[in-house]
Amino acid sequence: MAEIVIRNLRKEFGAFTAVKGSSFTIKDGEFFMLLGPSGCGKTTTLRMIAGLELPTSGEILIDGEDVSMRPASQRDIAMVFQMFALYPHLNVRKNIAYPLVSQGVPKAQVAQKVAEVAKILRIDHMLDKPVGGLSGGDRQRVALGRAIVRNPKAFMMDEPLGALDAEFREIMAEELRALHDRMHATTVYVTHDQLEAMQMGDKIVVMNHGVVEQFGTPQDIYDHPATLFVADFIGSPSMNFLRFEGGAQAGAETLMLGDLPMAIPRLQEPAQGALVLGVRPEHVTLSDAAPLRARIEAAEYLGTTQIVTLSTPFGMVKARTSSALSATPGDLTGLAFAAPRLSLFDATTGRAVRTAANAGVDHG
Amino acid sequence: MTAFLSGLFRFRRGPWENLATVLIALGVVMLMQPFFLWAFTYSFFVTLVGTVMFIITSHFPE
Amino acid sequence: MSRKTLAASAALALVWGVQANAQANELTLCWAAWDPANALVELSKDFEAQSGTKMNFEFVPWPNFADRMLNELNSGGQLCDLMIGDSQWIGGAAENGWYLKMNDFFDANGISMDAFVPATVTGYSEWPKNTPNYWSLPAFGDVVGWTYRKDWFERPEIQAAFKEKYGRDLTPPATFAELKEVAEFFQGREIDGKTVYGASIYTERGSEGITMGVMDVLYSFGFKYDNPDKPYDMEGFVNSPGAVEGLEFYKSLYDCCVAPGTSNTYMGEGIDAYKSGQVALQMNFAFTWPGFEVDPNVGGGKTGYLVNPAGPTGDHFAQLGGQGISVVANSDNIDGALAYIKWFSQKDVQDKWWSLGGFSALRAVVEDPGFAASQPYAQTYLDSMAIVKDFWAEPSYASLLQASQARFHDYVVAGNGTAKEALDGLIADWTEVFQDEGKL
Amino acid sequence: MGEGAGPGGIAALGLPWNEIMPNPIDIAAKATPPHLANRVRGLSDRAIAWIFVSPTIFLLLAINIFPLIWTIRLSFTNYAANKPNAEVKWVGIRNYTRILTDEDIWSHMTTTAHFLIWTILLQVIIGFTLAWLINRKFKGNDLLTTLIVIPMMLSPAVVGNFWTFLYQPQIGMVNYIVEFFTGIPASSFSMLGPGGLAPWSIIIVDTWMWTPFVMLICLAGLRSIPDYIYEAAEVDRASKWRQFWTITIPMVLPFLMLAVLFRGIENFKMFDMVNLLTGGGPGSETLLTSIDLKREAFEKWRTGYSSAYAIILFVTIFGLASIYVKALNKVKER
Amino acid sequence: MSAYSVTEPSPLSKWLAAGLVVLYTIITLLPLVWIISTSFKTGPDSISYPPKVFFEPTLEGYVNLFSTRTRPAVSELESLPPPDTWYDEIARRQGTIIVGPSRFGERFLNSVIIGFGSTFLSILLGTMAAYAFSRFKVPLKDDLMFFILSTRMMPPIAVAIPIYLMYRELGLSDTHLGMILLYTGVNISLAVWLLKGFMDEIPREYEDAALIDGYTRFQAFRKVVLPQAATGIASTAIFCLIFAWNEYAFAVLLTSGNAQTAPPFIPTIIGVGGQDWPAVAAGATLFLLPVMIFTILLRKHLLRGITFGAVRK
């Protein structure tokens, strides 16, 4: 198992730059998520780590060793592909055995390893079946089996659940995480699904347009998004943005939202000009007494909770409230925000203003 | 091997088709080999049997 | 001449023209696609003008000629009204009723077979052979002969070299032994900066080439198809010691004196080899000769013509080519076809035929005092036609021919077995064919 | 269109519509007035299916099957097509036994086998290598592919004829090219002559003509392998060499099989090119069975005998063809 | 190095591959180039010994291909008025005079009529059958499809005798119709297999929509399916044409004066005295042109055609 360090990694395809100088470190044994919308450069980053593409510039260190310019076969990593990439002409057993046989592992040992892995993945009953007839989940297990059979330094997973239907995805996500918890193998996992990333990852890197937007634990990223993009991308419904003009000095604990004073985490740097106040729907409470007035536009029933959409002078706001609360469209109400959980962004740069709450968060 | 045999007894398509294919191939080889005249003489019969078998067995259930 | 033609056309119009008009005023003539056929098209324009009949021509290239035409006759097709078919077909054509028997027509119109060169009558018209049953009118006389590079033969340095080597003058060969000597002499010789070779002989496998070539030599070595007293009795005739010697001679000629790679040579390849200056001697049918006279490389007196040389015992024969013109029994315009034949048999038409490059078989033409001088090859043609023999003309000739093709090619070209074995094998094959036919 | 008669309407009833009603159009027709139904229905699907398929079937019956059955019948007789008046006798399987014990025909079969094995081998090796090279997708590979396949589009008869000219030692091109590169004098050997080169000459021409065919099929096979399979193998630490033998070759194999079978079938009945090139010579060195058969049938006119001959060849080809179709379906499933 | 990826071959290997393929292309095209260059040679140049690589081009071969000539005696030739057209002049230079057109034009036209006729018929019947196989439940569908393809494998000689006898009875021997029907019979299997593949790929929904809009099945076929299958039809047509265009065995056996196509004719063009190689080469070149154009046009569909539609694009 290994630590992977990425430094100033850059990749150009002709005139198009897919990755613009990323840097981050994946600790040994971490389940590491590369998250972002499609085309953000996350897959390219993964392929560079795997050695399927060579970087234009920058460094990749696996276990302290610079492997940036080595082909995949010399990096001792394993990979699970989005389409599984099983060898269609081989049966399950041979698929799993392939990496071992490629390295000239003795036959007896191969058989033993394959049996072991098959047992872990609960596919030992289908070892002699051709891979063509397998269900998506079983294919996924075979692909996993092929990856873990070799004890590589790290796993690369390129949207491995993307080809599965919703039901299977859930099950496989749990299995994957359980597997990782048992093996503690360094895993780099690419996904565009923020829920998946939150659910499984130890650490997450959020990328957009080839740039690392934020790097941190799921909680940090959810609670303290470093940029407007991250704030918007993570969470469902996504963070509410209240756009306003204003300013405050470092050390301030309140902010004038229009003419309403609003408590915020203590600022550690000054903020001025076009600002955005970010608040998660679950941190919005409906309170008739609150000064920020809003009108209920719609309510979306979700079982125990409901999403209430309200219009305010600063734009639409969504609130997640208990479904016990009655929300009739057209009614007027007031909104209160949980002050310590608020984020403040500079609207022009899109970056979060440093406050007491997000002080410990890496700003990418 | 046992699967093959049981497939044959239960009139399954796969093993029968394979058998027919082997017969056809054998017949063709016999027809064109330069070593034994007797093999040439009986090649047609073997190919014919293989071909007829192929046509019939391709209607067996999978 | 023009008055004569007019009279003839008037007579024709009276006798057949009207009927022909009433039926279908068109005739289709089938022949091989070659030089003489082009000449016939030219010649037939006169007939068209006189009779008002439109002539169509169907010329099939030699390699497919037999296939295609026998197919047509077999299937009772009505494509051809007139057929200039190969001499070998006569047997089958007569027995299967493909051709119209001409005796009555000849008698009625005063056409006498005595007016034609005897060999051509036997070869092209009679079935069974040597009986007065006529199935065609000799149309195009042809025979295997030889051409040689007269210009090379006349060069002093070559003459000197030859004399030095063989102690005699370099003359056109009169016997096969001489021919081989000459061929050996030229083989590999440097002339005008090119390596040249001795002779081009027939070696073609696919249709009838090598059989024509071998037979051309074998006759003069004492080969006979069968016992003159007992038909189809071939033992001792086909494989007589002379025949064996002849076949061995042919192989030795092939081995010593042909240009490399001429293992599938027939008329066309022979022409190519000769015209491109590869060989000093060339075996080929007489029909090719007019072409050499006008060729830029070998024409204009550079080519001499030879009657097939004599064998070791003085026997002297040549392989017959050429065809007679017949009326297809299935034709729907038999009268028109007969009119054409009547027209074709006339002396002045035959004269023109010869002048256009068609080898007339009419004695009045070829025995004319001026004939021998009319072309450089005329005398050679005439002499050759006097010594011709032909291959089987049996209905099963194709099977017989295929057997000889295989046996000869296998021995001469592929070099398998001995001459005796080849001829013994040939008897076995031929016997089988005749047995199948019920003739043995 | 009748109300609620389409698939949606039936589905709304909560019934599996295809089970109870084979065709929505029928329903439409039943639910609408007759004159309208005719417009919608036209003909029933079954009728249309028959109308569409039957001309093809009829043509195939007339051009292929009926003659075939006729051939089978003739093969048990002594019929000769050039003797329409002769008595036709039933001879049982005598024609077959005669052919199958004939050493000459046996040797023609061996000749055919030699031709088959070498053409297929050469075409597969060269064709696959070419496809493999072209699959590197260098600039201009499209143009080169197009140029390479031209020989395949030519008429074999014209090609066979012209190659006799190219093979001519004194005036042909082939020997001079050999002389140019190896120094062996052009006139010292003859491709179509004795000395064992003739069988190779026909193999060369066939390979020249049909390698592009095998190449195209291999190219199809190579392009059917997705890139990610190679990436997976790369990650699985398989060397390029190993990737070639454990991935490329096995995955192209069904396509190669297709090419081999198809070329085998085609060359087994090869006639035009060889007939014009060598006519079976020298001796009988290149006498393929199809040429022999043509001579028996259309030169010697032993119709019954040659029908039996044809049936023997046909059954062999039919057998191979059935394996071919099986392979084809397998490739199709990919 | 910057564009490296595992599936992308290295530039060096690309150069090497390109070099080898170019080499092969040159070798494989040499005979073709030789044929074409021979068509521009004079008769003596074409059989020159040793062969000529550089020569003065002439249209002799083409003139000879399209004309029949006779060779009058030299004296007669000299007495003729000077030639009045360029082709007469070319003929005169060879010591011949043109007496009329040759049969090549006719044979070429026959090839066109029979080739395109049978292609049209194959496509017509093939589209219909393929549509039925693709969309309807046809009893014994698999067997029929196998049967259809297997007929393509049949050696022509196996059915030649009865076809020959049959055509003789029906009067179809040596007729355009007979040859069209025959080639259609051979081609239809390829057409059905290929077109079925193309039609399987056209979503049924389009037709269903058309049916619901009130089209009849037949209208839906004509107005919805056919336009969508157009490229498939085009590529199938080209394959059918290539077969019919080049077919030799049946053409030799069944045709002569009336309906003979070019392939049996070209190899046996006899000039005045021996094989006229420039004319043969000219015939081969002209005959090759349409096919060569098609090859270039259809290169994208080649794969489907030669695998009977098994390969998808």
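Quantities reported herein were computed from a predicted structural model and do not represent experimental measurements. So that the names make sense, note that chain A is the first sequence line, chain B the second, and so on, each numbered from 1.
- At a 4.5 Å heavy-atom cutoff, the contact between D:Y324 and chain E is made by side-chain atoms alone.
- Interface residue D:F271: only side-chain heavy atoms are found under 4.5 Å from chain E.
- Between the side chains of E:W245 and D:S155, not a single donor N or O lies within less than 3.5 Å of an accepting N or O.
- Of the atoms belonging to D:L320, not a single heavy atom falls under 4.5 Å from chain E.
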Working for ring pair (Phe, Tyr, Trp, His ring centres under 6.0 Å), residues D:F52 and E:F221: CA-CA 11 Å; D:F52 275 22; E:F221 169 66; 4.9 Å; yes

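- Distance check, rounded to the nearest 0.5 Å: OH of E:Y24 to CD1 of D:I148 gives 6.5 Å.
- Taking CG of D:L133 as the start and NZ of E:K14 as the end, the distance is 13.5 Å to the nearest 0.5 Å.
- Note: D:F165 and E:W277 have parallel aromatic rings, judged against thresholds of 30 and 60 degrees for the angle between ring planes.
- D:M152 touches chain E through its side chain: at least one heavy atom from C-beta onward sits under 4.5 Å away, while N, CA, C and O do not.
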Would E:F287 and D:F162 count as a ring pair (Phe, Tyr, Trp, His ring centres under 6.0 Å) if you check the C-alpha gap in whole Å, the side-chain angles of each, and the deciding distance to 0.1 Å? CA-CA 13 Å; E:F287 194 64; D:F162 216 91; over 10 Å; no

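- Side-chain contact between D:W301 and E:I161 is absent, with no heavy atoms from C-beta onward closer than 4.5 Å.
- Residue contact with chain D, scored on non-hydrogen atoms closer than 4.5 Å, is absent for E:V252.
- With sequence neighbours excluded, no residue satisfies side-chain contact (heavy atoms from CB on, under 4.5 Å) with E:V33.
- Here the CG atom belonging to E:L32 is positioned 6.0 Å from the CG atom belonging to D:L154, to the nearest 0.5 angstrom.
- The shortest distance between side-chain heavy atoms of D:M173 and E:P51 does not fall below 4.5 Å.
- The closest side-chain heavy-atom distance from E:M292 to D:I150 is below 4.5 Å.
- Between E:Y248 and D:M273, the closest side-chain pair of non-hydrogen atoms is not below 4.5 Å.
- Contacts between D:I69 and chain E at a heavy-atom distance below 4.5 Å are absent for every atom of the residue.
- E:V53 is not listed as a side-chain neighbour of D:Y176, based on a closest heavy-atom distance of 4.5 Å or more.
- With rounding to the nearest 0.5 Å, the separation of CD1 in E:I47 from CD in D:Q168 is 9.5 Å.
- Looking at D:L328, both its backbone and its side chain come within 4.5 Å of chain E, counting heavy atoms on both sides.
- The contact between D:L74 and chain E is made entirely by side chain atoms (from C-beta outward), counting heavy-atom distances below 4.5 Å.
- Interface residue D:L147: backbone and side-chain heavy atoms are both found under 4.5 Å from chain E.
- D:W132 does not touch chain E: none of its heavy atoms, backbone or side chain, sits under 4.5 Å away.
- Neither the backbone nor the side chain of D:F58 comes within contact range of chain E, judged by heavy atoms closer than 4.5 Å.
- Interface remark: D:T164 contributes side-chain atoms only to the contact with chain E (heavy atom separation under 4.5 Å).
- No side-chain heavy atom of E:I163 sits under 4.5 Å from any side-chain heavy atom of D:F66.
- With values rounded to the nearest 0.5 angstrom, E:F147 atom CZ is found 7.0 Å from D:N64 atom CG.
- Chain D forms more heavy-atom pairs under 4.5 Å with one residue of E:V159, E:V192, E:T28 than with any other, namely E:T28.
- Taking the ring centroids of D:F298 and E:F250, they lie at or beyond the 6.0 Å cut-off.
- When heavy atoms are compared at a cutoff of 4.5 Å, D:A186 does not approach chain E at all.
- Atoms CD1 and CG, from E:I266 and D:N161 in turn, are 9.0 Å apart once rounded to the nearest 0.5 Å.
- Looking only at side-chain heavy atoms (C-beta outward), E:L125 and D:L59 come within less than 4.5 Å of each other.
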